[in-house]
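Okay, structure first, notes after.
Values below: every heavy atom of this structure, side chains too, minus hydrogens, waters and symmetry copies. Numbers for residues simply follow the sequence, beginning at 1.
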Amino acid sequence: MATLGVMSPGLHVHQCTQLLRAAIQSGSCRTLHMSPRSAAKEYYDVVVVGGGAGGITMSARMKRKVGAGKVAVIEPSETHYYQPMWTLVGGGAKKLASSARPTSSVIPSGVKWIKSEVKGFDPEKNCIRIDDDKEISYKYLIIALGLKLQYEKIKGLPEGFNYPKIGSNYSVKTVEKTWKALQDFKKGNAIFTFPNTPVKCAGAPQKIMYLSEEYLRNTGKRASANFIFNTSLGAIFTVKKYADALLEIIKERNIQVNYKHSLIEVRPDIQEAVFENLDNPGETKVFQYEMLHVTPPMGPPDVLVNSPVSDAAGWVDVSKDTLQHKKYPNIFGIGDCTNLPTSKTAAAIAAQSAVLNKTISLVMNNQSSSAKYDGYTSCPLVTGYRKVILAEFDYSLQPLETFPIDQGKERRTMYHMKADMMPFLYWQLLLRGYWGGPAPYRKLLHLGMK
């Protein structure tokens, strides 16, 4: 019998096929043998790590650029959430279910969904390791892993959430507990916290405070409530224009603010919260609470800590202008997992996606990137059930406003934009790679009012 290496001239094609099939089934096809590692290895022109806002919008943009079959998204979660809605969920204004869709429904058609966690990066070999020790190789890599909630850094959490009167709008597991704690409020302290770490949506810790204050006013319980905002920061907001507006609201609504106070322990069985005075480390103060909203410490995902793609703090190390990696030119980062010196918001991701799309296009054509991200980010500061201050600013913490009006004022129109228009933009435009922020429209809107 002829071997697979040397076949007799008269062997028919169908006989070759039969021999090949038999050899594969018997495992005796030495010329086709592959090691387990090489057999598990896949290649894509573009690999996107993370299926959140940044990952999905960039996978949609890359599909149009290189073709669906050449793009893969690595994401283990079955459900994709529009997390900016959770402020309103915690305040009882929206249902949690309205923030969720199956991940399969947001992955662009034809793009490969690799349902796995990332275990490690090997940028020298253009390779990623995932579950079961499989390897995925790439030509271009986009890292969009988001950040990690670190409730465990607060003593007594996360197990403390099994008790009543405590919630957190930052987790799908605890956001509805915020609304329950608010509804069950009787008399005492309503405490809201801000951690001593980077956070996503830095306005959210106080948004729920304003909603809660209005809810207790509307239900006749406000006189029995003492509102306290304990923040690790030294200011209520980083941009002076909006900080001044918020301080006026805080004064009008009789809310107590304690700066440089970091939550370090929760004693849910006796309803106590322990805070450290950051101006005098080691000094602590115990607060009794009737309601406690926790904003957890946050940090980079574990896989990025001590990774070759990250800086010393564990954030993906990219250029603040182009979003291209500082060391590896075929690697890019977007969103909360990066060390971009701007607020971590969905609005920032939208603006970053437009710049990153231009950067990657130029790199693919062997050109230097001329695109430049200005640090644009936005925080719709919900100050009531029908009121929002729309904060928009850049790297320099200067207002970068879209509308030709004073956005430092509470406005009903901005609330409807937050509650109704932004979810539409997110699901229908951003995740499909068609929304890159308001920059193209800003000049038009301002010129139209002149």
Side-chain angles (χ1 to χ4, degrees), residues 77 81 83 85-92 96 99 146-213 215-216 221 224-233 255-278 281-302:
S77 303
Y81 292 98
Q83 296 181 33
M85 191 175 287
W86 290 353
T87 284
L88 300 180
V89 173
L96 180 60
S99 71
L147 49 66
K148 180 185 178 184
L149 304 179
Q150 299 173 327
Y151 288 104
E152 70 281 359
K153 288 194 172 184
I154 301 170
K155 186 177 179 181
L157 295 182
E159 60 273 15
F161 288 113
N162 293 323
Y163 289 79
K165 302 185 181 297
I166 176 173
S168 175
N169 288 355
Y170 276 86
S171 169
V172 67
K173 297 177 182 179
T174 58
V175 60
E176 291 177 307
K177 293 179 182 291
T178 303
W179 175 229
K180 183 69 165 62
L182 182 54
Q183 290 176 296
D184 292 345
F185 188 95
K186 293 181 176 62
K187 181 179 181 180
N189 291 333
I191 302 176
F192 304 81
T193 75
F194 192 109
N196 190 28
T197 67
V199 300
K200 57 181 174 181
C201 193
Q206 56 185 301
K207 295 178 192 180
I208 185 59
M209 176 175 67
Y210 303 126
L211 287 174
S212 299
E213 194 274 339
Y215 176 82
L216 294 186
K221 299 179 182 179
S224 301
N226 181 31
F227 274 77
I228 302 171
F229 185 51
N230 284 352
T231 172
S232 296
L233 302 179
I255 296 171
Q256 177 184 342
V257 179
N258 296 311
Y259 298 108
K260 296 293 186 174
H261 277 55
S262 177
L263 180 66
I264 59 172
E265 182 181 356
V266 176
R267 302 165 183 165
D269 53 331
I270 54 176
Q271 293 171 223
E272 288 184 348
V274 183
F275 292 83
E276 181 179 21
N277 181 356
L278 297 180
E283 177 186 309
T284 61
K285 185 175 181 179
V286 179
F287 290 75
Q288 195 79 28
Y289 66 83
E290 170 67 6
M291 173 187 176
L292 177 65
H293 178 268
V294 178
T295 300
M298 304 178 203
D302 291 341

Test log, rule side chain to side chain contact (heavy atoms under 4.5 Å, CB included), inputs E152 and Q150: CA-CA 5 Å; E152 70 281 359; Q150 299 173 327; 3.7 Å; yes

Derivation of the side chain to side chain contact (heavy atoms under 4.5 Å, CB included) call for I228 and Y289: CA-CA 10 Å; I228 302 171; Y289 66 83; over 6 Å; no

Check against side chain to side chain contact (heavy atoms under 4.5 Å, CB included), L211 and L88: CA-CA 8 Å; L211 287 174; L88 300 180; 4.3 Å; yes

Steps toward side chain to side chain contact (heavy atoms under 4.5 Å, CB included) verdict (L96, V175): CA-CA 8 Å; L96 180 60; V175 60; 3.9 Å; yes

What side-chain donor-acceptor pairs closer than 3.5 Å can you find for residues 291-302, not counting sequence neighbours?
unit_1	atom_1	unit_2	atom_2	d
H293	NE2	N169	N	2.9
T295	OG1	T193	O	3.0
D302	OD1	K148	NZ	3.0
D302	OD2	K148	NZ	3.1

Donor-acceptor pairs are to be reported for all side-chain atoms of residues 156-167 against protein atoms at under 3.5 Å, with residues two or more places apart or in another chain.
unit_1	atom_1	unit_2	atom_2	d
N162	ND2	E159	O	3.2
K165	NZ	E290	OE2	2.9

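Scanning for ring-ring contact (aromatic ring centres under 6.0 Å, His included) contacts around F194 gives an empty result, with sequence neighbours left out. With sequence neighbours excluded, no residue forms a side chain to side chain donor-acceptor pair (under 3.5 Å) with K155. Scanning for side chain to side chain donor-acceptor pair (under 3.5 Å) contacts around S99 gives W86, with sequence neighbours left out. The side-chain contact (heavy atoms from CB on, under 4.5 Å) test applied to N196 returns S232, S262, L278, not counting sequence neighbours. Residues satisfying the side chain to side chain donor-acceptor pair (under 3.5 Å) criterion with S212, sequence neighbours excluded, are absent altogether. Legend: residues meeting side-chain contact (heavy atoms from CB on, under 4.5 Å) with K221, ordered by chain and number and at least two apart, are L216, T219. Applying the side chain to side chain donor-acceptor pair (under 3.5 Å) criterion to T284, with sequence neighbours excluded, gives no partner residue.
You'll find the side chain of S168 stays beyond 4.5 Å of the side chain of K177, heavy atoms only. Looking at F287 and V274, their side chains never come closer than 4.5 Å, going by heavy atoms from C-beta outward. Between Q256 and N226, the closest side-chain pair of non-hydrogen atoms falls below 4.5 Å. With contacts defined as side-chain heavy-atom distances shorter than 4.5 Å, the pair F275/I264 does not qualify. Residues P195 and V199 meet the side-chain proximity criterion, which asks for heavy atoms closer than 4.5 Å. Side-chain atoms of E276 and K285, non-hydrogen and from C-beta on, never get closer than 4.5 Å to each other.
Note that the OG1 atom of T231 and the CG atom of N258 stand 10.0 Å from one another [nearest 0.5 Å]. A distance of 10.5 Å separates CD1 of I191 from NE2 of H261, quoted to the nearest 0.5 Å. To the nearest 0.5 Å, atom OG1 of residue T87 and atom NZ of residue K207 are 5.0 Å apart.
Applying the salt bridge (charged side-chain N to carboxylate O under 4.0 Å, His left out) definition to pairs two or more places apart or across chains, those involving residues 180-192 are K180-D184. Applying the salt bridge (charged side-chain N to carboxylate O under 4.0 Å, His left out) rule to pairs touching residues 257-267 yields E265-R267, R267-E272, sequence neighbours excluded. Note on residues 166-193: pairs passing ring-ring contact (aromatic ring centres under 6.0 Å, His included), not counting sequence neighbours, are W179-Y215, F192-F227.
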